[in-house]
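There's a structure below that I have some questions on.
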Protein chains: 2
Amino acid sequence: MKARRPSPDDQHLTEQLGATGLRLTPQRQQVYDVLVHKRDHPTAEEVFIRAKKQMPEISHATVYNCLDALVKSGLARPVTVDRGATRFCPNMHEHGHCHCDACGMVFDVALPANLPGVALPAGFKLKRYEVALHGTCAECAPQK
Amino acid sequence: MKARRPSPDDQHLTEQLGATGLRLTPQRQQVYDVLVHKRDHPTAEEVFIRAKKQMPEISHATVYNCLDALVKSGLARPVTVDRGATRFCPNMHEHGHCHCDACGMVFDVALPANLPGVALPAGFKLKRYEVALHGTCAECAPQK
DNA sequence: AACCGATTTAGAATTATTCTAAATCTTGAC
DNA sequence: GTCAAGATTTAGAATAATTCTAAATCGGTT
C-alpha cells in the first residue's frame, strides 16, 4: 500500500460525512482506509499506528476525532468487548462480536433476526444494540 | 440500614466464594449487600461510596478487589454498556441490559431463549454473552 | 488577499483501573 | 493458646485510554 488512490468509496464517505455536517478530509479518509483495509477490529491506538505509516504527521487526537466523526456519520461502529480500549469496525451490517478471552481476537458473527423482540421497558426507544459473545477460539481452546 | 445482620444469603456467599478458593470477609459481604440492596447497576465508584456509609474505613482498592472476587465466584456480573466505568449487577439470571443514552439509566431485560443459536466460528467455545441495548428511556424520550 | 469556521495538532488533564508494598487478619499445626 | 503461612486489606503510586485545550492550519468564501 502506498499513496492514497481515490476509490469508489470516496463518494460514499463524502455523502455520509456531509449528511452529518462534516467534511471528508485526508485524515478521515486515511482512518477509514485503515479500518476497511484490515478488518480485525483495531483499537484507536492500533489505528493510529497503522495510519502513521501512510501519514506520519497524523496525531493521536486526530485519530480519535476521525473515528468519532466516522461513528457519528454511520461509517463505523465502536465495539466494546472487554474493558480496555474500544475497538472499531467498518461493518455496518447488523452483527454481533465474538471475542476470544485468551488471545483477544474478535470475529463478526451473524445474529438471529428476532433479537429486537425482547421485552423493552415501556416507552423505551431502541436505537441500536450490541451483542458480545465471550469464550475461547479454536486456536486457544484448552487442548487436552 | 445499620449494622450488618447475618442474612440467609450469607451461606450462599460462603459457598460460592469457597468454591473459588476465597473466603467470605466483612468487606466482600458489605460490597455484595450494596449490590443487592439497590439494583441500579452501580459503578465501582458508586459501590465504594455506598459501602463507605456502613464501613467508613473500606478502601477503593478493596472495592475493586471484592467486586472482582464476586464476579469470579459467580455472584455478580460486570456490565459494560458504554465506554466509561464498568457497572455491576447481582442478577445472575440470563438477561440483557437496556441503557438510556440520555440519562444513563440501566434496566435488566429478559432475552429470547435462542440467542446462543448464532453461527459461531468453528471450534469456538462460548462461555458467556452480553447483550446491550441502547436508546432513550420513556423519561428522556424527545417529547414532541 | 484577508477572513471565517472547521479541522488538526501537541501536550496537558481526566477518568477508570491496576499495581505495589506494607500492615492486618485467619486458620491450621503444634 | 501461640505461631507461622497465606490471604486480605489498605493507601497511594502507576498505568491506560480517552478527552480537553489552546494554538496553528486549512479550505472555501468575500
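As the structure is a prediction and not an experimental result, all values here were calculated from the model. Residue numbers begin at 1 in each chain, while the letters A, B, ... track the order of the sequences.
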> Nucleotide by nucleotide, 5' to 3', does protein get under 4.0 Å of the base (B), only the sugar-phosphate (S), or neither (-) in nucleotides 24-30 of chain D, counting heavy atoms?
Replying inline: -------
>> Please find the pair of heavy atoms, one from V109(A) and one from H95(A), that lie closest to each other, and give the distance.
In response: O-CB, 3.3 Å
> Can we say D40(A) and R50(A) salt-bridge, meaning some charged N sits less than 4.0 Å from an Asp/Glu carboxylate O?
Replying inline: yes
>> Under 4.0 Å, heavy atoms only, any strand: does T62(B) hit a base, just the sugar-phosphate, or nothing?
In response: base
>> Rounding to an integer number of Å, can you tell me how far Q27(B) CD sits from dT24(C) P?
In response: 14 Å
> Between E57(A) (CD) and dT9(C) (P), how many Å, whole number?
Replying inline: 6 Å
>> Just the rounded figure in Å: distance from C1' of dA7(D) to CG of L24(B).
In response: 14 Å
> dA16(C) C1' sits how many Å from D68(B) CG, rounded?
Replying inline: 14 Å
> Separation of H60(B) atom NE2 from dT20(C) atom P, in whole Å?
Replying inline: 18 Å
>> Exactly one of V47(A), D68(A), V34(A) should register a side-chain contact (heavy atoms from CB on, under 4.5 Å) with V63(A). Which one does?
In response: V47(A)
>> So if I take residues 99-107 of chain B and measure heavy-atom distances to DNA chain D, which residues fall below 4.0 Å?
In response: none
>> Salt bridge check, E130(B) against R77(B): does any charged N sit closer than 4.0 Å to a carboxylate O?
In response: yes
> Considering only heavy atoms, which members of residues 74-89 of chain A lie under 4.0 Å from some atom of DNA chain D?
Replying inline: A85(A), T86(A)
> Contact class for E45(B) (heavy atom, under 4.0 Å): base, sugar-phosphate, or nothing?
Replying inline: nothing
